[in-house]
Each structure stands twice: as C-alpha cells, then as structure tokens.
Number of protein chains: 2
Amino acid sequence: MAYVTIKDVAKRAGISVSTVSCALNGKDRISNETKRLVEQAVQELHYIPDSRARAMRSLSTKTVGLLVPDIRNGYFADLAYAVQDELSQAGYCTYIGTSSENVRQQDAFIMDMLSQHIDGAIIVPQGQMSDALRRLLKRQLPVVFVDRSIEGVDAETVPLVVSDPIPGMRDALRDMKDLGHRKVGYISGPVLGSPTLQERELAFRQCATQLFGEENIFVESSGFGQSSCELVIQRMLSVGVTALVFGYSPDTVQAISVMDGVDGILNQGMSFVSFDDIELFRLIKPQVSVISQQVQKLGGLGAQIFLDMLRGEKPESQRVDTVYMQRGTVQLIG
Amino acid sequence: MAYVTIKDVAKRAGISVSTVSCALNGKDRISNETKRLVEQAVQELHYIPDSRARAMRSLSTKTVGLLVPDIRNGYFADLAYAVQDELSQAGYCTYIGTSSENVRQQDAFIMDMLSQHIDGAIIVPQGQMSDALRRLLKRQLPVVFVDRSIEGVDAETVPLVVSDPIPGMRDALRDMKDLGHRKVGYISGPVLGSPTLQERELAFRQCATQLFGEENIFVESSGFGQSSCELVIQRMLSVGVTALVFGYSPDTVQAISVMDGVDGILNQGMSFVSFDDIELFRLIKPQVSVISQQVQKLGGLGAQIFLDMLRGEKPESQRVDTVYMQRGTVQLIG
DNA sequence: CTGAAAGCGCTTACAG
DNA sequence: CTGAAAGCGCTTACAG
C-alpha cells in the first residue's frame, strides 16, 4: 500500500496542494468550507503527513534524542520514562539510546541522532568528552545533562539537572545520630571521574563532620569488587563504625547479595542507608532506608528545561533535593 | 551552526553533487582519485548526511518502532535492550515507545511511527486490536509481535515470537514432585484477553494433571488485588496444596512484598515457583525459583525475524523454550 | 481566500 | 567515469 500524500488529499478535495498545507497547519485565513473539504479528504484517505518531508522544510523535526547509560537499569528506566512522558506531551518524539557505559556506542548513537537532525538532546553522560559529543555540542542544539555532568563542559551552554546530595544526606545522618550511632562510614563507589559521586562524598564529609566530629567519620574512597565487600564492612566495624552510607547503589545491591540479605548486614551490627530509591530496596524485607534522588522529578525537570531552551529561553541549571526515606535498615544502637 | 550539506562537500571537492552522492553510496564506478577527494572533503567539513532527505528518495528510513507496555518494567527493558542491540548492528535506529498498557498512548505512538515512515515495527501488543494498530497492519509493513499476541491477527502476516511454557513448566512440576509435593496450585494472573497467559494456564493444567492427577491440581483463575493475596494462599493451603506456580510475576512480587518476604511464604509451608527471571528474584534471599522466558532470546529472535522480513523473506513464527531455574523456593516437603 | 513556484537535501536514472 | 535534471512530500513566501 503506497502512502497517501498531500497531493492525493488535494486532488480528492479538489483544491491545490498549498491550500491543503495551509489548512492543515492553520496558516493564513482559509475559508471554513475549504477547511471542511480538507478535513473530509484527510479522513477518507487516512492521510498521515510525512514528518520527514515536513521537517525538511521547517527547521524542527520534533524529535529529541535521549541517551542513558543503560535502559535495563531501573533507575534510568524511570528517568527515561519521565523524560519521554514530558516530551511527548509537548509533541516531541523521543529516541532513546543506551550507551552501555561505553564511549563507542554512545558516539554511534549521537551520530545517528545528528543524521536524523534531532532538535536537541537530553543526555546522561558517562565518562568524559568524546568526539561525537563534541560535535553535538558544536551544533549549538539545545542539550541538557541530567543526573551526571562532564568535566570541562560549561554549565552556561549545557544546563545541568542533578540532585543535591546535602538534604537527604543530612537527614539520614541525623537519623543515625538520633538512634545512638557515634561513628559513621561512607562507601563512595567508583568516584573517579564522576563529579556527581565526588560531590556526594563531599556532602557526606561535610554533614558527618558537623554532626559527629571529624575523628568519627570513615570513608572508603572506592567501591568494592566482589571479594572485598565483606572486608570493607569488617574494617569499618573494627574501627567502631555502626552505621554506613552507600553512595552508589550497585554497591549496596552487591553487599546485600553477598552478605546473605539485608539481615546479614544488620546482624553484624551494621545499620545502613543507600543512595537511590530503587524498586528492590522497597520490595525486600526489611526495606532499605534510602536517600532518594527523586529520579522522576530529575527527568521531568530535565525535559522542562530542555523545552524552555527550544523556546529560546536561557537555560538554567537546576538542583533537585535528595530526600531521606526512613525505613528498616537504620536501627537503634546496642 | 548551519548543517553541512552535500552541496558544501561537492563545492569543496570541486565536483558535482551527484558524483559525491554516488561516491558516498558506492554506486557506479567512481575513480579512486574522486573518491579520495570526496572522502577528504567529508572529513574536513564534518559532513553528516541528512537521513531524512536520504529517506525521502530511497524507500527505507532505516528506522523501526518498538512498542513495549512499560519500559520501567525490567522484563521489557531487557527485551528492548536485546531488540535495539540486534537492530543497531544491522544499521537500524530504534524508536522505543511505551504504551503504559493503555490503548490511547499506544495509538499515539503508532501514529507517530507512521508519520516518521518507519520501515516496520516490533510490538508487544496489549489488549486488543486498536485503530492505529489496524492502520499499521494495513500498511503491509513488516511487523512482528513479541511476547504477546492479539486475537484475530493472522500469524501468516504478523509472525509471533513467544515462549513455549511447556518445557519450563514440566521441569518445575517435576522438581516439585521429586521433592515430595503431592498437590500443586496455580495462580494465573489477569488471564482475560491475554492468549499468552491463557496458554500458560493450560500448560500448567496439562503438565500437572499428568504428574499429579487431575484431583490434585488447583487453579485460581485470576490474579489477586492487594487484599486477597494472603487469602488465596490460605485457601490453597487449606486444600492441601504445598507448592505453587505463579503464572504472572507481578503477582509474585506482590505476594513476596505482602507476605513479609520469601520466607514469609515458605514458613507457611508453601513452596513456589514464578514465571519470569527478573532481577529481584535473583537478588533476594532465598532466591526465587523461576520459569524463565529467556527474554533476551525472545527479543533477539524477534529482531532477527523482523530483519528477515525486511529482506523480503517469508516470516515464520517462532517459539522459545522456557527454562526452569531451580533455586531456593521449592523445598523438600515435611 | 487560494494557487503556482521555489526549494529543503538527497538519490537516481539518463546523457555525455 | 562524471554531471545536469527531475523528483521524493512537504512548506513558505509571493502573487493574484
């Protein structure tokens, strides 16, 4: 079945192509009679405008690219959903791509986007600057970074939508203090090259120092591989730490899995809180206390700022407060 | 920054647009010298062909639509990843859309796809036939249904890639029998209007009857809402059922969550197995025994069949065997 | 209020 | 081996 074109509609309605186009796009003053004719022909023929052809003439393609590290990760799936939801309401079609935390794949996706002439992109960058990313940026298209940033990219040109670790961190640590904990630890994840994780660690240092004193806080600056997980926790215990903050949720998942469940950790006398309110943490018993980044909010806000930029407004970076959700894994000491 | 076009490349290389086009697409016999010239100009100018313009002239847009019920569901995220991976290797760009188990949103996405002139679509249909779906099908574009089917759609025109519940079901039930269970139950989920779930229930009835005898199998034909979950299990226990198969993983998740964890169910004296090998089932302790649909395989196969259709081959529906993965939730009776 | 014409960036026969 | 021309489906000034 061949596609119905605007020509077919014009022929059917007995008027010119340009008039049909105007009628369809609400341009000029078209007589009601003509509008009706067009409407009818469109219905009868099941005409669907070719957005590619349309895009070639107008400046906009009404498509935007969304790049996430991995769509299989529940956190990013939530983010993608929120972004797509917001954009589709504004009439934009979202291309979702997965970089697999891998520059090659990221670049391939960006080049694809570029060749599709997307109107802009929302990106969760990973690692550093890359060729394709540089090219995308040079295009001067609206681009927003969400959840993570890249060193050396000017927040003036690429606004950032990331969460502010402080509020959630502070509340979590206060809760620990209220429950009698005196020494607290932090496991920071693969902090190298991730400004977000670096900032998170800094937030811990600040808040914890204030509440517990510098001599009572302990930080393990890197995440752990399969083997060392129990070791790290043992080490923390041996210096008297009784409550832990996990800065990187995959570490938490691993710890839970390796230590024989949440209870395995608690039974050692270690309370804990994790970043990221992922589904797993809500489903297992006891539920894991978290510092939520409010990812739907991050995504929604990212999309909104993006839409603002499309409208020509000056972009402005935004922070979303993290929120501490008290659940079962921070227990009274002793 | 304005886009670099083929004209710019031609000018830079000092040759005509058509020659550049031919050189780029490997058509005709172009002299090596000319090829080099083009190559160089492309490099210098950072030329990226406009795929929309290209698509308008050729028949294909090199894009395909992928519709899943909800990308936030880990199962579909895995599926989407597998499909996208396979298609991108073949040079196709995948639009991923979420229907939210909602016909309106599904139709909006399909109409979008149609207006983008996708080369075809891979769809996890939900509910019944809809207007937009009918239109998509009428376009005679390659379409493949994955994971679910729709009543009244001819498998000749829309091949189906779904899993075969029998192998996994049989092995699961055998395991139960080996461990001493004599009466088994099945909770089927929202079976109405879902041929896949219906078939799954049938598979249970067949296999279980064979192994345990008709009088020893019990089926609750609908999934449960929040409240009745414990009730259903109690009812099963009261008739002597000691092992359960969940046909619909959201039911399992709910049961685990409501019954205070996996142990909450096991402690009542109820062993169980669930369909779908989702991440959660692997992370909690004890791990949940599952009947896996091998979703990556489903997705990959769906994409392959789709690509076959694009090449003009006759489509053929495929089955993927389910696989029973024995883990901790089927215990020795007594 | 309506239509003829030009052009978006590309490809594809068709001459040369 | 290379180039001029037509055309994909649409929109957008510009006349009328």
Side-chain angles (χ1 to χ4, degrees), chain A residues 1-39 41-42 45-63 111-119 139, chain B residues 1-39 41-42 45-63 111-119 139:
Chain A
M1 216 176 93
Y3 275 99
V4 174
T5 75
I6 198 173
K7 269 191 201 162
D8 302 316
V9 175
K11 201 175 294 171
R12 176 71 148 240
I15 50 183
S16 79
V17 164
S18 13
T19 305
V20 172
S21 175
C22 288
L24 253 27
N25 296 292
K27 290 265 174 178
D28 288 7
R29 305 118 302 183
I30 302 284
S31 74
N32 283 329
E33 170 60 5
T34 304
K35 272 186 198 149
R36 212 190 45 71
L37 243 43
V38 169
E39 189 63 34
V42 166
L45 265 39
H46 293 306
Y47 170 64
I48 304 175
D50 181 341
S51 28
R52 302 160 314 152
R54 173 175 284 176
M56 284 195 56
R57 291 270 45 199
S58 41
L59 274 320
S60 148
T61 54
K62 291 285 184 185
T63 58
M111 291 306 266
D112 251 347
M113 297 299 89
L114 246 20
S115 87
Q116 299 281 352
H117 285 214
I118 45 161
D119 289 349
R139 293 252 88 254
Chain B
M1 219 176 91
Y3 275 100
V4 173
T5 75
I6 199 172
K7 270 189 200 163
D8 301 314
V9 175
K11 201 175 295 171
R12 176 71 149 238
I15 51 182
S16 78
V17 164
S18 13
T19 305
V20 173
S21 175
C22 288
L24 253 26
N25 296 292
K27 291 264 174 181
D28 288 7
R29 305 120 300 182
I30 302 283
S31 74
N32 284 327
E33 170 61 6
T34 304
K35 271 187 199 149
R36 212 188 45 72
L37 244 41
V38 170
E39 189 63 32
V42 165
L45 267 39
H46 294 305
Y47 170 64
I48 304 176
D50 181 340
S51 27
R52 303 159 314 153
R54 173 175 284 175
M56 285 196 56
R57 292 272 41 201
S58 39
L59 276 319
S60 147
T61 55
K62 290 287 183 183
T63 58
M111 291 307 266
D112 251 347
M113 296 300 88
L114 245 21
S115 87
Q116 299 279 356
H117 285 216
I118 45 160
D119 290 348
R139 294 251 84 256

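The shortest side-chain heavy-atom distance between A:Leu114 and B:His46 does not fall under the 4.5 Å cut-off.
Contacts of A:Asp8 classified as side-chain contact (heavy atoms from CB on, under 4.5 Å), with partners at least two apart in sequence or in another chain: A:Val4, A:Thr5, A:Leu45. Among residues two or more places apart in sequence or in another chain, the side-chain contact (heavy atoms from CB on, under 4.5 Å) test is passed with A:Val42 by A:Val9, A:Leu24, A:Val38, A:Tyr47. Residues that satisfy the salt bridge (charged side-chain N to carboxylate O under 4.0 Å, His left out) test with B:Arg36, not counting sequence neighbours, are B:Glu33. In this structure A:Asp50 satisfies the side chain to side chain donor-acceptor pair (under 3.5 Å) test together with A:Arg52, sequence neighbours excluded.
Residue B:Val17 has its side chain nearest to C:dT11 when only C:dT12, C:dA4, C:dT11 are considered. Among C:dG3, D:dG3, C:dC10, the nucleotide with an atom closest to any side-chain atom of A:Thr19 is C:dG3. The side chain of B:Ser18 lies closest to D:dA5, out of D:dA5, C:dT11, C:dG3. For A:Ser31, whose side chain is taken as the heavy atoms from C-beta onward, the closest listed nucleotide among C:dT12, D:dT11, C:dC1 is C:dC1.
A distance-only check finds no donor-acceptor pair linking the side chain of A:Thr61 to the backbone of A:Ala55 [under 3.5 Å]. Between the side chain of A:Ser51 and the backbone N or O of B:Ser115, at least one donor-acceptor pair lies under 3.5 Å.
Within residues 50-58 of chain B, the residues having any heavy atom under 4.0 Å from DNA chain D are, by residue number, B:Met56, B:Arg57.
Residue B:Lys7 places no side-chain N or O under 4.0 Å from the OP1 or OP2 atom of C:dC10. Remark: B:Tyr47 is in phosphate contact with C:dC10, judged by side-chain N or O atoms under 4.0 Å from OP1 or OP2.
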Discussion item. Dot-bracket, 5' to 3', for DNA chain D please: Watson-Crick or G-U pairs under 3.5 Å, [ ] where pairs cross earlier ones, | where the partner sits on another strand, dots elsewhere.
Written reply: |||.||||||||.|||
